[in-house]
Amino acid sequence: MRMDNQFPPRKVPSFCSFRYGLSLLLHFCNVIITAQRTCLSLTMVAMVNSTDAHGLANTTTEEHLDHNKNPVYNWNPQVQGFIFSSIFYGALITQIPAGYLSEKYSIKKMIGFAFLLSSLLSLLMPMAAEGGEAFLLACRVAQGAAQGSISIAQHVVWVKWAPPLERGRLTSLSLSGILLGSFVVLLVTGFICQSLGWPMAFYIFGACGCALSLLWFVLFYDDPKDHPCISISEKEYILSSLSQQVSSRTQSLPIKAMIKSLPVWAIALGSFAFHWTNNIMVFYTPTFINSKLRVNIKENGMLSALPSLFAWSFGILAGHLTDFFLSKNILRLVTIRKLFNTLGLLLPPFFSMCLLYWSFSFSSITVFLILASSTGAFCMAGVLINGLDIAPSYYGFLKGITTLIGMIGGLTSSTLCGVILNQDPESAWFKIFFLMAVINGICLLFCLVFGKAEIQDWAKDRQEHTRL
């Protein structure tokens, strides 16, 4: 049976509709969440004192005032590493619980309270830093747990709010806020630290998060049929589009069927490869720029920010192309998913190798670096949303499992890259990019062979399955 026959012919306008307003709200929520998570990587430069000034007897009034605006701490690189990574371990432990609970309880409350908690913890970061690294670590772990819950629960929003022909655009628009957030942080945080002091970065992003979380509580409802502000025509369009795909699940989770499902493993391995590549490009792009281009820190920041801007554009483009191919019956859904998986997993290692062998000038290095770091965003229309195709009723739990596997890949790659760079600086980048190509190639081959885009038998309502 073709999926296209299940879609209602009548359609309400996309722009200025409530569902697109909701996607835009999630977009800005992701911008702030990313800013809260990553601004520490830049504020740490101002927070840590490279020279010990405590022995100086004659300190001026200006120096005292500057210390009040920019408190300085004597944290060694090992402590800084623990502080950086702590938020990821917090997110790691909440992936599966958040996925399971998102199908049991209100998404509105889960995202709203988690976002509010993350924002309040951002406001408390300067105070926690004054209390010592242990307090700061605790705050970062708690913030990671809150943000991990949001990252999973927001996917479940689209189970009831996204018509099948618009899933690509709606999800890519909301998720691309993560990429735009990285760009904003790299541009803005340095200016805030220099002009207002590093604590203001946490206060500004925390305050914005508190305001957005309150707006979330006002504007969002778990189900479009309960929303008082949505138009009747849009409500009918969404509900009729999803009438055959969304059911209120009452049976237990089919854990054994999920474990045996090759399409689930295809998503898991695709997620592993995506996070493996993404973490390398996010964390080590400034290091690569410094080793190859020898630019100053300001220029390094600008070059490191550009890939995030292009990735944001590619992610939104992928979503629009997905819905265009579906609406015009140009490609089947499974073909679209595999196409964008191929682009998102093959292009980054290809352009990374080009960085080593085909870059002969500053401009060529810049172009290949931007493409290597940004083309992975095509996975937003592939493996990152594929779970909604094969198991919409269990999407939250499935997303939690596959994201957990992906995050393990990301943590492994970032740790392994540090070891390789430390042991063999001369040929390190070839080893890192070659290993990336091997990992992505193997995982992509599995995705192409076993990936599916139709609802699996174990994910269908049991009573409906019995009638069939």
Side-chain angles (χ1 to χ4, degrees), residues 12-37 39 94 98-99 101-124 142-143 145-163 166-167 169-181 184-185 202-239 241-242 246 248 316 319 388 395-396 399:
V12 295
S14 299
F15 298 102
C16 299
S17 64
F18 194 88
R19 62 192 183 280
Y20 277 83
L22 172 60
S23 183
L24 196 60
L25 175 61
L26 274 173
H27 178 90
F28 288 114
C29 289
N30 281 322
V31 169
I32 298 301
I33 289 169
T34 304
Q36 293 173 357
R37 178 172 63 248
C39 70
T94 57
L101 294 175
S102 65
E103 297 169 355
K104 296 284 187 180
Y105 300 102
S106 168
I107 296 294
K108 176 178 183 174
K109 293 179 180 178
M110 277 193 66
I111 294 179
F113 284 120
F115 193 15
L116 183 60
L117 175 60
S118 175
S119 303
L120 292 175
L121 288 169
S122 184
L123 294 173
L124 291 175
Q143 189 177 52
Q147 293 190 359
S149 301
I150 299 170
S151 68
I152 296 301
Q154 68 172 300
H155 288 275
V156 185
V157 167
W158 304 116
V159 173
K160 292 185 177 180
W161 275 94
E166 298 179 5
R167 282 176 182 166
R169 278 171 287 179
L170 291 169
T171 55
S172 64
L173 177 59
S174 60
L175 292 177
S176 63
I178 299 171
L179 303 170
L180 185 62
V184 170
V185 164
F202 293 99
Y203 295 148
I204 291 172
F205 294 136
C208 290
C210 288
L212 274 176
S213 63
L214 296 178
L215 191 62
W216 172 264
F217 279 116
V218 173
L219 295 179
F220 180 73
Y221 280 69
D222 291 325
D223 200 311
K225 70 175 185 290
D226 300 325
H227 206 291
C229 299
I230 189 173
S231 67
I232 296 176
S233 59
E234 183 179 5
K235 183 185 300 184
E236 290 177 349
Y237 169 64
I238 295 174
L239 295 178
S241 298
L242 301 173
V246 177
S248 56
I316 294 177
L388 186 55
Y395 185 43
K399 188 66 181 177

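What you see is a predicted model; the values in this text were computed from it and never measured.
- Contact annotation: the side chain of Pro163 never approaches that of Leu242 to less than 4.5 Å [non-hydrogen atoms, C-beta and beyond].
- Among residues two or more places apart in sequence or in another chain, the side chain to side chain donor-acceptor pair (under 3.5 Å) test is passed with His27 by Ser176.
- Taking the ring pair (Phe, Tyr, Trp, His ring centres under 6.0 Å) definition, one finds that Tyr105 meets it with nothing, sequence neighbours left out.
- Put simply, OH on Tyr221 and CG on Leu22 are 13.0 Å apart, with the number rounded to the nearest 0.5 Å.
- The side-chain heavy atoms of Ile178 and Arg37, taken from C-beta on, include a pair separated by under 4.5 Å.
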What's the verdict on side chain to side chain contact (heavy atoms under 4.5 Å, CB included) for Leu212 and Phe28, showing C-alpha distance, side-chain angles and the deciding distance? CA-CA 8 Å; Leu212 274 176; Phe28 288 114; 4.3 Å; yes
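- Shown here are the ring pair (Phe, Tyr, Trp, His ring centres under 6.0 Å) partners of Trp216, two or more places apart in sequence or in another chain: Phe220.
- The side-chain heavy atoms of Phe18 and Lys235, taken from C-beta on, include no pair separated by under 4.5 Å.
- Among all heavy-atom pairs drawn from Ala98 and Ser149, the shortest one is CB-CA, 3.7 Å.
- Of all the heavy atoms in Gln154 and Leu175, the pair that sits closest is OE1-CD2, 3.8 Å.
- Cys210 and Leu123 make their closest contact through SG-CD1, 4.1 Å (heavy atoms, listed as atom of the first residue, atom of the second, distance).
- With rounding to the nearest 0.5 Å, the separation of CZ in Arg19 from NE2 in His227 is 13.5 Å.
- The cationic group of Lys108 does not satisfy the cation-pi geometry with Phe217, failing either the under 6.0 Å distance to the six-membered ring centre or the 45° limit from the ring axis.
- The two atoms that bring Phe115 and Cys29 nearest to each other are CE2-SG, 3.5 Å, heavy atoms only.
- When all heavy atoms are compared, the tightest approach of Ser213 to Leu116 is OG-CD1, 3.4 Å.
- Proximity of Asn30 to Leu180: side-chain heavy atoms (C-beta onward) are nowhere separated by under 4.5 Å.
- The OG atom of Ser122 lies 10.0 Å from the OH atom of Tyr203; values are rounded to the nearest 0.5 Å.
- Taken from CD in Glu166 to OG1 in Thr171, the straight-line distance is 11.0 Å, to the nearest 0.5 Å.
- Between Trp161 and Ile107, the closest side-chain pair of non-hydrogen atoms is not below 4.5 Å.
- Residues satisfying the side chain to side chain donor-acceptor pair (under 3.5 Å) criterion with Ser118, sequence neighbours excluded, are Gln36, Gln147.
- Closest approach of Glu103 and Tyr395 over heavy atoms only: OE2-N, 3.2 Å.
- Here the CD1 atom belonging to Ile33 is positioned 7.5 Å from the OG atom belonging to Ser119, to the nearest 0.5 angstrom.
- Listed by first then second residue, pairs satisfying salt bridge (charged side-chain N to carboxylate O under 4.0 Å, His left out) with a partner in residues 202-224 read Lys160-Asp223, Asp223-Lys225, not counting sequence neighbours.
- For the pair Ser23 and Trp158, the minimum side-chain heavy-atom distance is below 4.5 Å.
- Atom-to-atom distance recorded for Cys39:SG and Ile204:CD1 is 10.0 Å, nearest 0.5 angstrom.
- Applying the salt bridge (Lys or Arg N to Asp or Glu O under 4.0 Å) rule to Lys109 yields no partners; only residues at least two apart in sequence or on another chain are considered.
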